[in-house]
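Whatever order the structure lists them in is the order used to number ligands and atoms, beginning at 1. The structure presented is a predicted model; accordingly, all values stated were derived computationally and were not measured.
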Amino acid sequence: MGKILDGKALANLLGENLKKKVKNLKAEGITPHFCVINIGDDPASKIYVRTKKRRAEKMGIIQDIYQMPADTKQQEALDLIDKLNANPNINGVMVQLPAPEQIDADELLERIDPNKDVDGLTPANIGRLWMEDHFIEPATAEGIIALLKHYEIPLKGKDVVVIGRSNIVGKPLAALMLEQNATVTIAHSETTNLAELTKRADIIVSATGEALLVKADMVKDGAVVVDVGINHLNGKLVGDVDFDAVKEKASYITPVPGGVGPLTVQFLMEAVVKLTRRQNGRK
Ligand code: NAD
């Protein structure tokens, strides 16, 4: 049976360090401060925004929530981003996705000052990531790399299959894994031979939002399985992986909840502190 990759425990460990870092910054008169813009009423988004807020408070970071109505106009959201970009007291800005239909989310992301881009989703910072000259890393991808490193799971030369090609998870994760010298395959909804690919993989990361997509017969004995998905199935929170069956074959596996999720939140906080330090002339 596979060992559990305990993301929650690692997030708490990292959190203790970050709290100290924030305390030291505060002693110098600097308080990390970021803003989350949430447009509309997506119920999952509201939960994520609150989860971040709780974590920020725990870390000593200030998080402002700008809750905008579902009928917000593009220009209103752009104006808010401009205002936050221009405010020297604000160290980070992010837009909670998804946004309502009338909103061009890409245009909003592009508008964020790359120096305040806590999510690492501005074109400038995505480009830097692929050039191996990081400015900031998207939190979920960085959290997964940190988790594998913490459990001393090597990436060099390993066959990795990332299922999902979103800008938020799949693509940045592929970039970071390549940088660690893994051989990376990115699968997606148009992939026709998913099981064939995953059966060969030393490491499988699934980030699709499709419950029970990854089944035991798609996994090689001893593979490492990382489940990013957050899905509701029969009133239960589950990932993309058929956990009970797959854990019997995997050498390591992340649970849902308690795996990747807490690391995403923690690495967002790390990003806020990183940008704050940089904006204040610290390394
Ligand atoms: P997305 O909808 O932007 O992308 C999903 C990707 O999965 C797409 O590239 C699509 O091609 C692929 N896909 C969908 N069905 C597939 C299938 N049957 N086979 C192969 N590929 C398939 O989603 P996202 O924002 O990347 O999020 C993915 C999942 O991860 C969601 O469940 C989301 O809630 C979760 N998520 C979790 C965290 C976390 O911290 N745990 C963070 C971000 C996202």
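Closest protein heavy atom to atom 43 (C) of ligand 1: Val169 CG2, 3.7 Å. Shortest contact from atom 2 (O) of ligand 1 to any protein heavy atom: Thr208 O, 4.6 Å. The protein heavy-atom contact nearest to atom 15 (N) of ligand 1 is Glu210 OE1, 3.6 Å. Leu213 CD1, 3.6 Å is the protein heavy atom nearest to atom 18 (N) of ligand 1. Atom 42 (C) of ligand 1 has as its closest protein heavy atom Thr140 OG1, 3.4 Å. Nearest protein neighbour of atom 39 (C) of ligand 1, counting heavy atoms only, is Thr264 OG1, 3.6 Å. Nearest protein heavy-atom contact of atom 3 (O) of ligand 1 is Ser166 CB, 3.4 Å. In terms of protein heavy-atom proximity, atom 8 (C) of ligand 1 is nearest to Arg165 N, 3.9 Å.
Here the side chain of Asp240 pairs a donor or acceptor atom with the backbone of Glu210 at under 3.5 angstrom.
Heavy-atom distances between Thr191 and ligand 1 stay at or above 4.0 Å for every pair. Residue Ala207 places a heavy atom less than 4.0 Å from ligand 1. Using a 4.0 Å heavy-atom cutoff, Gly261 is listed among the residues neighbouring ligand 1.
Hydrophobic clustering, with ILVMFWY side chains joined whenever heavy atoms are under 4.5 angstrom apart, groups Val219 together with Val161.
Open room surrounds CD on Glu196; 12 or fewer heavy atoms of other groups in view lie less than 6.0 Å from it. Within a 6.0 Å radius of NZ in Lys19, more than 12 heavy atoms belonging to other residues, nucleotides or ligands are found. Within a 6.0 Å sphere centred on CZ of Arg278, heavy atoms belonging to other residues, nucleotides or ligands number more than 12.
Side chains of Asn91 and Gln279: a donor on one and an acceptor on the other come within 3.5 Å. For the residue pair Asn89 and His33, no side-chain donor N or O sits within less than 3.5 Å of a side-chain acceptor on the partner.
Considering backbone and side-chain atoms alike, Ser189 places an N or O below 3.5 Å from some N or O of ligand 1. Looking at ligand 1, you'll find an N or O of Ile230 within less than 3.5 Å of one of its N or O atoms.
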side-chain contact (heavy atoms from CB on, under 4.5 Å) between Phe243 and Val238, intermediate numbers included: CA-CA 8 Å; Phe243 181 83; Val238 299; over 6 Å; no
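Of the protein's heavy atoms, none falls inside 4.0 Å of atom 27 (O) of ligand 1.
Note on Glu137 versus Lys274: salt bridge recorded, some NZ/NE/NH1/NH2 to OD/OE distance being below 4.0 Å. Between Lys21 and Glu270 there is no salt bridge, since no side-chain N of the basic residue sits under 4.0 Å from a carboxylate O of the acidic one.
When each atom of ligand 1 is checked for a heavy atom of Gly164 under 4.0 Å away, the hits are 6 (C), 7 (O), 9 (O), 12 (C). Using a 4.0 Å cut-off to heavy atoms of Asn231, the atoms of ligand 1 that qualify are 32 (O).
Residue contacts with ligand 1 for Ile163 involve side-chain atoms from C-beta outward but no N, CA, C or O (heavy atoms, distance under 4.0 Å).
Residue Ile253 forms a side-chain contact (heavy atoms from CB on, under 4.5 Å) with just one option from Met1, Lys247, Glu248, and that option is Lys247.
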